[in-house]
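The model shown is predicted, which means the values in this text are computed figures rather than measured ones. Residue numbering restarts at 1 for every chain, and letters A, B, ... go by the order of the sequence lines. What's counted below: heavy atoms across the whole structure, side chains too, no hydrogens, waters or symmetry copies.
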Number of protein chains: 2
Amino acid sequence: MVKSSGDGAGAKKARSRPLDGAGDRLADARMAVSRHAVTLFLARGVSATSGDDIAAAAGVSTRTVWRYFRSKESCVEPMLAASAYRFIAPLRRWPLHATFEDFLLEDFAEVPPTPQDLADDALSMGLISLVRDEPALRASWLMVCGQAEQAFVPVVARRLDLPVDEFRVSLSAATAMAAARVVHEEVAVTAVTGVRTYTVEDVVRLLGKAIRASTAEPICDPRPRRAFLA
Amino acid sequence: MVKSSGDGAGAKKARSRPLDGAGDRLADARMAVSRHAVTLFLARGVSATSGDDIAAAAGVSTRTVWRYFRSKESCVEPMLAASAYRFIAPLRRWPLHATFEDFLLEDFAEVPPTPQDLADDALSMGLISLVRDEPALRASWLMVCGQAEQAFVPVVARRLDLPVDEFRVSLSAATAMAAARVVHEEVAVTAVTGVRTYTVEDVVRLLGKAIRASTAEPICDPRPRRAFLA
DNA sequence: AAAAGCGTAGTCACTTAGTGACACCACGGC
DNA sequence: GCCGTGGTGTCACTAAGTGACTACGCTTTT
C-alpha cells in the first residue's frame, strides 16, 4: 500500500518549502487536488468518492493523484495542514513578551486571511466535523495534527529557551497540539451542526485557554526574567 | 475503502467487551490475527506483507482478515490497544488517595503480567519504534492513542469529580494521552536501538512525570479536599 | 538555435486491497 | 428433529495503488 516514504512526491530535491507564503508549484498542484477531494468527500462522502472521481474533478490523471498522495483519504491532508499552518506559521514571529491571544489577534488584524483561505478553512471545518465517524478520515486528521505538532516544536523551543530536541519541548508541543486538536474538533462539530458560531477571536481564546491548561510550561505568556533566578 | 463503521466485525450486537480480562471469542480471534500481522510486519516490513500472507500465517481465510480489519495496517491495532489497556484498565481501580506511580507499581506487583502479555508488549514496542518512518503504521498508532484517550476519560472524570462529557475532562484526557504517546515513542526507539533498557518502574515514572507536566489538573495526585475550598 | 538534461504528467498493463453475495457449518433453543 | 443465528470460506468482482515507459516543457550548455 505504501512503499516507504511519506506521500511519494517531494522526495527528489527537498526544495525550499517556505511554509508561509505560496511559491512551490508542486505544493500548489497538490493543494488544488486536495481542495477538490475535500469538496467531493463533503458532497458525497468518502466511500462514494473514488480516486478517478478526484482526478477528474481536479483535471489531472488518476496516476497523478496516486503520485501526490499515498491513499485516497490522505488527499485531505494538504487542506487541513494549510488551515493548521495559518495558525502556526505566524507564531514563528511571536515575540516573547506577548501573550498568545494578543499576538495572534493583532496578527490576524494586520494580515487578514484571503477569501480563498477563509473558504478553505470552512471546508476544513466541515471535514473535521466528520472525523468522529469516518475512521479513515480520522487517521488523516491525526496525521495532520502530528505535522502541526512538529511545526510547533520550534515555537515552543524558542519560548522555553531550550534546544528543539529537548524532551520537555517535544512533550509540550505534543500536549499543546492535543489541546488544539480537541478545541478544533469541538468547534467544528458545534459550528457545523449549527449549535453556535465562532469568531476568530472566540477560537483564539479557546485555544489559548486549552493550551495554557495543557502544559505546566509557560509557553503562552511572557517568559519570566531569568535574572530573578540567577 | 471503508464502508462506514470502524472495523467491520463488532457492529452486530455490541456485546459486553469486558475491557479487562479475556472472554470475548471474536476479540480473541482478532487478537490472534493481529499478533501474526505484527510479527510479519516486524520481520519483513509492512509493504512486503500482504493480506494473504497475514491470513495464511494466522490460519484463516483472507476474507476473514478483511472482515476483522478495515485495512492491512489496522491489523496492528488490537495488539497496540491491548498494550495500552494493560496500563489504562487498572487505573479504573485507582483509589483517589493514591499517586499515579504508587498505585500502578503496587498493582503490577500484585497482578503481574503474563508471559504472553510481556511478549506482546515487546512486539508492540518494536512496532512503535517503526511509526516514525512508516506513515501508514503511524496512522494506526495514532488511532490507538485515540482509543486510549477515550478509555482514559472516565479515569480523569473520576479524579476530577466531573461528568465524563465535561470539556475539561476530554481536554485533560487528550493531553495526558499525548504525553503518554510521546513517552512511549521515546521509550520504544531508545529500547529497540539499544540505547538503554527500561524496567516497568522506569516507564511508570516517566509516564507520571509526563502526565503531570501535561495538564494543570491534579489527576496524578491525591485529590485536594473540597472542604478547604467550601 | 539545436542538443542535451531534467523534472513532471500521461498511458497502460498489472498487482494487491477490499467488498458483495451466497453457501456452509456449528451451536443453542424448542 | 427443525429452525434460527452468527461466524467462516469460496468466488467473482471493484477499487486502490504501482511499475515501466513515453512525451512534453523548461533550463542549461555549446
Side-chain angles (χ1 to χ4, degrees), chain A residues 1-17 24-33 36-37 40-41 44-77 134-137 139-140, chain B residues 1-16 24-33 37 40-41 44-77 134-137 139-140:
Chain A
M1 195 183 210
V2 154
K3 196 71 267 184
S4 71
S5 67
D7 279 41
K12 278 296 153 57
K13 199 63 175 303
R15 70 230 281 113
S16 46
R17 265 212 289 146
D24 199 325
R25 300 181 8 73
L26 207 59
D28 291 348
R30 281 166 49 90
M31 187 66 185
V33 175
H36 281 103
L40 287 173
F41 287 168
R44 336 180 184 157
V46 179
S47 56
T49 304
S50 72
D52 287 339
D53 294 338
I54 297 170
V60 296
S61 74
T62 309
R63 188 65 184 86
T64 296
V65 171
W66 301 134
R67 258 198 277 265
Y68 284 178
F69 303 105
R70 68 180 184 288
S71 71
K72 193 172 73 170
E73 294 77 25
S74 71
C75 288
V76 306
E77 293 181 16
E134 299 250 22
L137 226 48
S140 288
Chain B
M1 198 184 207
V2 154
K3 195 68 276 178
S4 72
S5 67
D7 279 41
K12 280 295 151 60
K13 199 62 176 301
R15 67 223 289 109
S16 45
D24 199 326
R25 302 180 3 74
L26 207 59
D28 292 347
R30 282 165 48 91
M31 187 66 186
V33 175
L40 288 173
F41 287 169
R44 337 179 184 158
V46 180
S47 55
T49 305
S50 72
D52 287 339
D53 294 338
I54 298 170
V60 297
S61 75
T62 309
R63 188 65 184 85
T64 297
V65 171
W66 301 134
R67 260 197 276 263
Y68 283 179
F69 303 105
R70 68 180 184 287
S71 70
K72 192 172 74 170
E73 294 76 27
S74 70
C75 289
V76 305
E77 292 181 16
E134 298 249 20
L137 226 47
S140 289

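Rounded to the nearest 0.5 angstrom, B/E77 CD and B/S140 OG are separated by 4.5 Å. The distance from atom CZ of B/R67 to atom CG of B/L26, rounded to the nearest 0.5 Å, is 10.5 Å.
Across the protein-nucleic acid pair, B/W66 atom CH2 and D/dT14 atom P stand 19 Å apart, rounded to whole Å. In this structure, A/D53 places its CG atom 9 Å from P of D/dA15, rounding to the nearest Å. Rounded to a whole Å, the CZ atom of B/R44 is 12 Å from the P atom of C/dT16. If you take OH of B/Y68 and C1' of C/dG18, they are 17 Å apart, rounded to a whole angstrom. As rounded to whole Å, 13 Å separates atom C1' of C/dG18 from atom CZ of B/R70. Across the protein-nucleic acid pair, A/L26 atom CG and C/dC6 atom P stand 18 Å apart, rounded to whole Å. For the pair B/F69 CZ and D/dT8 P, the computed distance is 11 Å after rounding to whole Å. When rounded to the nearest whole Å, the span between CD of B/E73 and P of D/dA16 equals 15 Å.
When atom types are taken as modelled, the side chain of B/D53 and the backbone of B/S50 share a donor-acceptor pair closer than 3.5 angstrom. Judged by distance alone, the side chain of B/R30 and the main-chain N or O of B/Y68 form a donor-acceptor pair under 3.5 Å. Between the side chain of B/K72 and the main chain of B/W66, no donor-acceptor pair closer than 3.5 Å is present.
Nucleic acid contact for B/V65: none, since no nucleic acid atom lies under 4.0 Å from a heavy atom of the residue.
Remark on DNA chain D: of its neighbouring residues A/T49 and B/S61, the 5'-side contact belongs to B/S61, judged by nearest-heavy-atom nucleotide.
Of all nucleotides listed (D/dG9, C/dG10, C/dG18), C/dG10 comes nearest to the side chain of A/T64. Taking only side-chain atoms of B/R67, from C-beta outward, the nucleotide of C/dA21, D/dA16, C/dG10 with the closest atom is C/dA21.
Looking at B/F69 and B/V33, their side chains come closer than 4.5 Å, going by heavy atoms from C-beta outward.
A close approach under 4.0 Å does not occur between any side-chain nitrogen or oxygen of B/T62 and OP1 or OP2 of D/dG9.
Taking both residues in full, the closest heavy atoms of A/R70 and B/P135 are given as NE-CB, 3.8 Å, listed atom of the first, atom of the second, then distance. A pairwise comparison of heavy atoms in A/C75 and A/I54 identifies SG-CD1, 4.1 Å as the closest pair. Closest approach of B/L40 to B/A57, counting heavy atoms only: CD1-CB, 3.9 Å.
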Give me the distances for all protein-to-nucleotides 12-15 of chain C N/O pairs that come in under 3.5 Å?
none

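One axis for each end of the helix from C/dA1-D/dT30 to C/dC30-D/dG1, each built from five base pairs, and the angle between them comes to 20° at 10° resolution.
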